[in-house]
Protein chains: 2
Amino acid sequence: MPDSPKVIAASSLAANPPTQNHLLGALSTEVQQRLFPHLELVSMPLAKILYESGDTLRYVYFPTNCIVSLLYVMENGASAEISVVGNEGIIGVALFMGGESTTSRAIVQSSGYAYRLLGQRLKDEFNLHGELLYLMLRYSQALITQMAQTAVCNRHHNIDQQLCRWLLLSLDRLTDNHLVMTQELIANMLGVRREGVTEAAGRLHKLKVIEYSRGHITVLDRPKLEKLSCECYAVVKAETDRLLPYKAIPSATQKSAALHHQCKHTLYL
Amino acid sequence: MPDSPKVIAASSLAANPPTQNHLLGALSTEVQQRLFPHLELVSMPLAKILYESGDTLRYVYFPTNCIVSLLYVMENGASAEISVVGNEGIIGVALFMGGESTTSRAIVQSSGYAYRLLGQRLKDEFNLHGELLYLMLRYSQALITQMAQTAVCNRHHNIDQQLCRWLLLSLDRLTDNHLVMTQELIANMLGVRREGVTEAAGRLHKLKVIEYSRGHITVLDRPKLEKLSCECYAVVKAETDRLLPYKAIPSATQKSAALHHQCKHTLYL
DNA sequence: ATGGCTCTGTGCGTTATCGCACATAGCGGC
DNA sequence: GCCGCTATGTGCGATAACGCACAGAGCCAT
């Protein structure tokens with residue numbers, strides 16, 4: 001097992017309070033007090049696979065500053081991204097929806113950290129009080145919206161529009177305008193050829209919307225990116241904001257800060 | 001309001017016990033006793049819209065022998081089916097997931113009947129006991145799987161394969177091998193041109209898999225249809241069966257039959 | 001600095017699907 | 001029986017994306 005605990009760097013913990021995840025931050029102090037002591041900060045390196053299609057899930061993950069893609073991989077190896085999860089969400093909804101596994105893969109698309117929680121701890125909390133469950137369900141509804149819109153987008157929109165949508169979804173989950181991501185990987189996510197992404201990215205570059213080089217992309221003009229994107233981005237954004245009007249809590253409150261230090265000080269790599 | 005109650009035809013009620021819906025049939029007698037008196041049998045004519053994108057949902061619907069499509073309609077009028085629901089499921093998961101509305105339209109794709117239930121009644125039952133909630137969540141997980149697979153299918157598979165998948169999904173939700181459905185409507189569901197469906201259907205006809213004429217399709221060779229379909233059908237079917245290993249109860253048990261007559265004897269058209 | 005690897009750019013023939021136009025066919029109503 | 005409507009069939013040029021091949025360009029390690 002690669003799950004050997006390591007002593008966490010104090011700086012990592014300090015830079016990644018649990019409340020940086022919108023869902024964890026939106027919980028009442030009471031629930032936070034019960035839950036936070038069971039959270040474990042884990043490193044989320046690029047391309048790490050949290051689970052494969054069919055795996056029995058043990059943990060749910062609450063990203064603080066990483067991005068995880070839910071990816072479906074077909075029998076012939078072709079793939080398509082189903083949805084993307086950052087600090088607004090949770091990975092592993094199948095654990096509380098039932099079935100304990102999914103037909104997709106969860107893979108880190110942008111490195112960072114996440115808090116993980118044993119599925120059983122989550123369920124224990126569900127049984128104590130409805131608050132956490134209801135929040136998880138609202139997030140699941142937002143996830144459903146994103147999946148549905150992905151299906152529509154795959155049917156009707158061209159690569160240029162989808163690339164814009166994809167960049168915006170990533171941007172919303174990052175603190176700056178810089179992505180570490182090759183065109184090859186973007187192509188895997190969108191389920192298109194790498195060359196198609198190269199051409200679309202070239203056009204965006206010509207329009208001075210982005211600049212990029214060897215696995216690094218910088219967004220220069222976000223408003224223009226939104227104009228060039230299909231409606232799918234805005235639809236998902238609006239619905240997510242409606243369902244989850246929570247923002248990250250950048251500087252933790254006194255109380256949250258105290259709870260924060262109750263998280264297990266171990267780092268799982 | 002077109003929701004004026006009518007006295008139900010006794011034959012319709014008898015032919016459509018609530019237990020014909022797999023979810024309702026899978027409930028314990030105790031929960032059935034509480035829930036069934038609040039169920040209302042409603043007629044589901046072809047093309048009836050149960051709700052539009054953004055509508056606040058009042059009812060959930062449990063189909064007995066009809067099929068309902070969840071359809072996304074874009075700004076320019078183009079559309080794409082997100083998922084399909086028959087007697088294995090429920091329409092209106094957003095009512096209990098949260099948000100009380102969705103970005104899609106629910107439209108009857110194959111006429112028949114369904115039982116509807118006030119959203120509040122559903123929530124009342126959730127608060128009494130977890131059984132119904134857990135069942136609903138398992139179904140929601142199956143729905144998520146179908147949406148995800150639709151996204152993949154839209155990306156990677158051709159019209160012929162998708163038509164086969166679509167026919168199989170419909171077939172599974174019907175009692176016979178006969179669909180009332182024009183190629184134009186199928187095209188709307190798949191989000192492709194009508195001519196594309198005509199050509200694909202022509203090829204299936206040449207292979208003696210289906211025969212059809214003016215809004216009627218009969219499947220002649222289901223095994224061949226499954227062979228011609230992409231993997232998407234089988235994946236969704238397997239996952240749904242895993243999550244919801246429930247079958248319709250064709251002849252209601254003594255107890256269920258008694259409960260059955262407690263349903264409101266009104267028919268909403 | 002050089003070789004090797006990865007990432008990006010480009011060309012080209014092929015294919016699936018589209019958009020449009022129009023022809024044909026079945027069915028119901030009068 | 002005929003009209004009109006709707007459903008289905010077909011042809012054709014346009015287009016977007018594909019598969020493949022290969023060229024250049026940046027970065028790293030030895």
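Values below: all heavy atoms of this structure, side chains included; hydrogens, waters and symmetry mates excluded. Every chain is numbered from 1 and lettered A, B, ... according to where its sequence line falls, protein lines coming before strand lines.
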Would you mind reading off the bend of the helix from C:dA1-D:dT30 to C:dC30-D:dG1 from its two end axes, five pairs each, to 10 degrees? 30°
Of all nucleotides in DNA chain D with an atom under 4.0 Å from a non-hydrogen atom of chain A, which is the first and which the last going 5' to 3'? D:dA17 to D:dC27
Any side-chain heavy-atom pair from B:V152 and A:M74 closer than 4.5 angstrom? yes
Residues which pass side chain to side chain contact (heavy atoms under 4.5 Å, CB included) with B:L174, listed by chain and number, not counting sequence neighbours: B:I67, B:S110, B:D176, B:L179
All pairs passing salt bridge (charged side-chain N to carboxylate O under 4.0 Å, His left out) where residues 163-175 of chain A contributes a residue, at least two apart: A:E88-A:R173, A:D172-A:R222
Sequence neighbours left out, what pairs pass side chain to side chain donor-acceptor pair (under 3.5 Å) with at least one residue falling in residues 192-203 of chain B? B:D160-B:R203, B:Q183-B:T198, B:R194-B:T198
I'd like to check A:C164 versus A:L204 (side-chain heavy atoms, cut-off strictly below 4.5 Å). Are they in contact? yes
Reading nucleotides 10-20 of chain C from 5' to 3' and marking B where a protein heavy atom lies under 4.0 Å of the base, S where only the sugar-phosphate is that close, and - otherwise, the string is B------SBBB
Tell me every residue that passes salt bridge (charged side-chain N to carboxylate O under 4.0 Å, His left out) with B:E184, counting only those two or more places apart in sequence or in another chain. none
I'd like to check the side-chain hydrogen bond (donor to acceptor under 3.5 Å, both in side chains) partners of A:E211; sequence neighbours left out, ordered by chain and number. none
Could you tell me whether the side chain of B:H216 reaches within less than 4.5 Å of the side chain of B:V180, counting heavy atoms only? yes
Reading 5' to 3' through nucleotides 25-30 of chain C, protein heavy-atom contacts under 4.0 Å coded B for base, S for sugar-phosphate only, - for none: BBS---
Measure the spacing between CG of B:N65 and CG of B:N87 and express it to the nearest 0.5 Å. 8.0 Å
Taking only residues two or more places apart in sequence or in another chain, which ones pass ring-ring contact (aromatic ring centres under 6.0 Å, His included) with A:Y212? A:H205
Pairs meeting criterion salt bridge (charged side-chain N to carboxylate O under 4.0 Å, His left out) with involvement of residues 147-156 of chain B, two or more places apart: none
Of all residues at least two apart in sequence or in a different chain, which pass the side chain to side chain contact (heavy atoms under 4.5 Å, CB included) check with A:T145? A:Q141, A:E239, B:T103
